[in-house]
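What follows is a short report on a single structure.
Quick note: numbers below take in every heavy atom, side chains included, and nothing from hydrogens, waters or symmetry partners.
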Amino acid sequence: MPKSYAPFQFTKWTEQCGPIFSLKQGHRIFVIIGRHQAAVDIMEKDGANLADRPRSIAVQETLSDGLRIVVEGSGEGLRQLHRVLHAGLQSKVMETYEPIQTRNVKNLVLDILNDPKNHQGHAMRAMKPGAYLVDMYPILHFVPGYLSQLKAWHQEELVFFNGQLDMVQRQMVCHTYFARFILEHQKQYQLEDKELGYIAGGMFGAGSDMTASAITIMMMAATIYTDTQAHVQEELDNVKMLPQVTAFMLESLRWRPVSLGGMYHLSFVHRMTKDIIWKNYLILAGATVIGNHWAIANNPEVFPDPHRFNPQCWIDNAGRVHDDLRFFTFGFGCQVCPSRHVAKWSVFINTALILWAFHLSENPAAKIDTLAFSDTANIHAALFMNF
């Protein structure tokens, strides 16, 4: 089993073994999906059978007291959370967040202008349950003191989330937040007090981490592919419908996926709830299924010459963005990220305003390694310079 950067090794095995292959670790079976059509057929069309997550004693049961949304298994609890999240984050209410998002982007542009060397955001704590043997050997759950550090972290996290929620509550009159929505609708959705902080904090943590990484990758692509950047800037200057901006954003998310899809990152693993057959492959109930974003992003049958940054692959012959091509930035099936509409719009606004405000280019004396990333749930690029 790869101990680090698993998606890269999985991609090599996909090229050798085909669109699906399996691995066995102890009593657990891992099924890795590495091709676009297989992901569509199994993880999207048959997604109801993959709505569950593998049990996580470390991250979900101990660190989060069963409250972390991104690793919640199937059942009534997940359905209840999705109802809340859909109501507060669906595309129809996205415009209520736009003033906040636009203000934040303007502040980011000014920050880059004043301090360009520190254009990259800080990485947040990543969840890597494979670091805890208790997930492989649940009997360790009963060993006195084994989970004490995780329990202490849970208390720290709970205090932080509740503190942030209290701040929103004090400012309810003058701000529009998702946290405000769940506070106002707590009784309607029968949410316990301890759930509120984790719902709001979990969405903020996952969303801000993903968005910060996506913006960094977009700037990296613009810095290296200056001709493509100029093409987008020409469109911005003419104030058209901005399909090139959308294509640049979509290609950034494909070229270097924010989430590579590794076996130790809980937000990417699914648990198959019944036996299914796809072509000549049998996937057994109970198997852990992983969509390898890196391999899917580099599927040459869908994305020709996949290692090249090419926004035009998202544009059809009429100059519009393809409506029949997609990438799985925000997950698969029933476990797709509920805040995807807000996050995608945030990345779009950042792409448009940053490329409007700056002409980015690579420093010849400090070439960028575009594959230097952290081995975390949401990847973060190594420090790079542009000017």
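When side chains are defined from C-beta on, Thr329 does not count as touching Lys344, because their heavy atoms never get closer than 4.5 Å. Contact annotation: the side chain of Phe10 approaches that of Leu23 to within less than 4.5 Å [non-hydrogen atoms, C-beta and beyond]. Residues Ile315 and Val321 meet the side-chain proximity criterion, which asks for heavy atoms closer than 4.5 Å. A 4.5 Å side-chain heavy-atom check between Glu44 and Phe328 finds at least one atom pair inside the cut-off. Within the 4.5 Å cutoff, the side chain of Leu360 has no heavy atoms near those of the Thr226 side chain. Using a 4.5 Å cut-off on side-chain heavy atoms (C-beta onward), Ile379 and Ser213 make contact.
Scored by the ring pair (Phe, Tyr, Trp, His ring centres under 6.0 Å) test, Phe348 finds Trp345 as partners (sequence neighbours excluded). Residues that satisfy the salt bridge (Lys or Arg N to Asp or Glu O under 4.0 Å) test with Arg308, not counting sequence neighbours, are Asp305.
Taking CD1 of Ile33 as the start and CD1 of Ile42 as the end, the distance is 4.0 Å to the nearest 0.5 Å. Annotation: the span from Thr14 atom OG1 to Lys12 atom NZ amounts to 12.5 Å, rounded to 0.5 Å. Rounding to the nearest 0.5 angstrom, the gap separating the CG atom in Leu50 from the CE atom in Met43 is 5.5 Å. One finds the CG atom of Asp324 at 8.5 Å from the CG atom of Asp316 (value rounded to the nearest 0.5 Å). How far CG of Leu284 is from OG of Ser22: 9.0 Å, rounded to the nearest 0.5 Å. Taken from CD in Gln229 to CD1 in Ile224, the straight-line distance is 11.5 Å, to the nearest 0.5 Å.
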ask   = Is there a side chain to side chain contact (heavy atoms under 4.5 Å, CB included) between Thr216 and His380 once you walk through the steps?
value = CA-CA 8 Å; Thr216 298; His380 293 275; over 6 Å; no
key: side chain to side chain contact (heavy atoms under 4.5 Å, CB included) evaluation trace for Phe309 with Thr228   = CA-CA 9 Å; Phe309 184 81; Thr228 304; 4.0 Å; yes
query = Passes side chain to side chain contact (heavy atoms under 4.5 Å, CB included), Leu325 versus Val302? Steps please.
reply = CA-CA 9 Å; Leu325 179 63; Val302 179; 3.7 Å; yes
Criterion side chain to side chain contact (heavy atoms under 4.5 Å, CB included) on Ser259 and Met210, from CA distance to verdict = CA-CA 8 Å; Ser259 306; Met210 177 270 168; 5.6 Å; no
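Looking at Arg28, its side chain never comes within 3.5 Å of a backbone N or O of Thr288 through a donor-acceptor pair. Panel note: side chain Glu251, backbone Cys313; no donor-acceptor pair is recorded below 3.5 Å. Gln244 places no side-chain N or O within 3.5 Å of a backbone atom of Glu235 that could act as its donor or acceptor partner. For Thr273 (side chain) and Asn49 (main-chain N/O), a donor-acceptor pair under 3.5 Å exists by modelled atom type.
Scanning all heavy atoms of the two residues, the minimum distance from Ile368 to Glu362 falls at N-OE2, 2.8 Å. Across Thr351 and Met249, no two heavy atoms sit closer than the pair OG1-CB, 4.1 Å. Residues Met272 and Ile283 approach most closely at CE-CG2, 3.8 Å, considering heavy atoms. The shortest non-hydrogen separation linking Ala222 to Leu355 is CB-CD2, 3.7 Å. The shortest non-hydrogen separation linking Ile217 to Ser252 is CG2-O, 3.6 Å. Scanning both residues, Ala343 and Phe330, for their nearest heavy atoms gives CB-CE2, 3.8 Å.
No option in Phe8, Phe327, Trp255, Tyr5 other than Phe8 meets the ring pair (Phe, Tyr, Trp, His ring centres under 6.0 Å) test with Trp294.
A ring-centre distance under 6.0 Å is found for His293 and Phe332.
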Output side-chain donor-acceptor pairs under 3.5 Å for residues 34-41, partner residues at least two apart or in another chain, one line each.
unit_1	atom_1	unit_2	atom_2	d
Arg35	NH1	Ala295	O	3.2
His36	NE2	Arg326	O	2.9
Gln37	NE2	Asp41	OD1	2.9
Asp41	OD2	Trp278	NE1	3.0

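Arg254 forms a cation-pi arrangement with Phe303, by the criterion of a distance under 6.0 Å to the ring centre and an angle within 45° of the ring axis.
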